[in-house]
Amino acid sequence: MGEVAVRELNESTIMSAAAAAFDKALSGLPGMGSCKELADQYLEENETVEEAIDSLVRWQTGKAGLGGLVTGLGGLPTLPVAIPAGMFNLFYHQMRMVGATAYMCGYNPDRSDKARVICLACLAGDSVHALLREAGVQLGRTLLFNTIKGLSGQVIRDINRAVGMRLITKFGSTGVLNLGKAIPVVGGLVSGGMDAGWTYSVGMGAKQVFLGR
């Protein structure tokens with residue numbers, strides 16, 4: 001059953017899950033503030049934007065790792081449920097972090113669909129810079145502001161397609177990890193560590209893209 005669930009993942013399914021998680025992150029869930037509220041909180045607690053982003057990434061990385069642990073603990077009987085739940089949980093924490101980072105750097109993904117596209121691109125993690133450059137997005141703080149305003153529909157489609165392909169590759173390359181989830185506790189520890197590592201990569205990528213570093 002777990003293998004079937006993995007095979008049914010496709011580019012559209014994964015991007016839809018990421019977009020839905022981002023919608024929830026932007027508006028906020030009960031007991032968890034919106035991206036804007038999270039950004040304001042970290043800016044208030046830190047002296048500089050960079051320090052605020054670094055602190056945010058550390059905390060969200062920990063939460064994502066815990067989320068992977070929890071969703072991986074059930075073992076094989078819950079695997080068909082755990083995969084979509086874990087995916088949404090991971091995307092939610094990652095996109096909440098990315099959205100807050102964008103706000104802290106002066107972007108408003110809640111009002112700009114084009115800024116939202118750049119946020120979703122950050123799910124590519126370490127490869128986000130290469131992905132955006134390939135799509136013709138000019139990086140650097142001033143350049144990015146101007147480029148976002150001028151993004152064409154074709155460029156947006158190219159970015160979304162490239163992100164979807166990278167996510168398919170990432171989820172498709174975790175066969176060993178998914179097998180590990182069939183072993184209670186051990187599978188949770190492995191998946192939690194993988195989720196944390198990816199989330200840190202996403203956070204650092206977002207920092208470099210939006211802060212222009």
query: Are V202 and M165 linked, directly or through other ILVMFWY residues, by side chains that come within less than 4.5 angstrom of each other?
result: no

- request: Over all heavy atoms of both residues, which pair between V163 and A121 is shortest? Give the atoms and the distance, please.
  value: CG2-CA, 3.5 Å

field: Value rounded to 0.5 Å, distance of CG in D40 from CD in E37
entry: 8.0 Å

task: Give a yes or no on whether the backbone of E51 and the side-chain of T48 come within a donor-acceptor separation of less than 3.5 Å.
output: yes

- request: Would you check if I118 and L151 make a side-chain contact, meaning some heavy-atom pair closer than 4.5 Å?
  value: yes

message: Is any side-chain heavy atom of L26 closer than 4.5 Å to one of S34?
response: no

- line: Correct closest heavy-atom pair for F91 and L167 would be CZ-CD1, 4.1 Å

field: Minimal non-hydrogen separation, C122 against A206, with atom names
entry: SG-CA, 3.7 Å

- prompt: Counting only heavy atoms not in Y200, do more than 12 sit closer than 6.0 Å to its OH atom?
  reply: no

- prompt: With no hydrogens and no angle check, is any side-chain donor or acceptor of S27 less than 3.5 Å from a backbone partner on D23?
  reply: yes

- request: Any chance you could measure S152, atom OG, to R157, atom CZ, to the nearest 0.5 Å?
  value: 7.5 Å

message: Between D54 and K207, is there a side-chain heavy-atom distance shorter than 4.5 Å?
response: yes

- request: Step through the shown structure and confirm whether more than 12 heavy atoms of other residues, nucleotides or ligands are within 6.0 Å of CD on E47.
  value: no

- request: Any chance you could measure Q60, atom CD, to S55, atom OG, to the nearest 0.5 Å?
  value: 10.0 Å

message: Contact between I53 and F210 at the side-chain level, heavy atoms closer than 4.5 Å - yes or no?
response: no

K114: salt bridge (charged side-chain N to carboxylate O under 4.0 Å, His left out) partners, not counting sequence neighbours: none

task: Go through the steps for Y107 and T101 under the test side-chain contact (heavy atoms from CB on, under 4.5 Å), then give the verdict.
output: CA-CA 9 Å; Y107 299 86; T101 298; over 6 Å; no

- prompt: Got T199 and H93 here, is their nearest side-chain heavy-atom distance under 4.5 Å?
  reply: no

task: Applying salt bridge (charged side-chain N to carboxylate O under 4.0 Å, His left out), name anything that partners R96, two or more places apart in sequence or on another chain.
output: none

message: Please report the interatomic distance CG(L211) to CE(M204), rounded to the nearest 0.5 Å.
response: 10.0 Å

- request: Check whether any side-chain heavy atom of L123 sits under 4.5 Å from a side-chain heavy atom of M95, and report yes or no.
  value: yes

Chi angles and distances behind the salt bridge (Lys or Arg N to Asp or Glu O under 4.0 Å) call for R116, D113: CA-CA 5 Å; R116 177 188 174 93; D113 289 339; 5.5 Å; no

Shortest non-hydrogen separation from A115 to P109 and the atoms involved: CB-CA, 4.1 Å

- prompt: CG/N46 to CD/Q41 distance, rounded to the nearest 0.5 angstrom?
  reply: 9.5 Å

message: Could you check whether any side-chain heavy atom of L43 comes within less than 4.5 Å of a side-chain heavy atom of Y103, counting everything from C-beta outward?
response: no

Nearest-0.5 Å distance, CG of residue L120 to CZ of residue F22: 6.0 Å

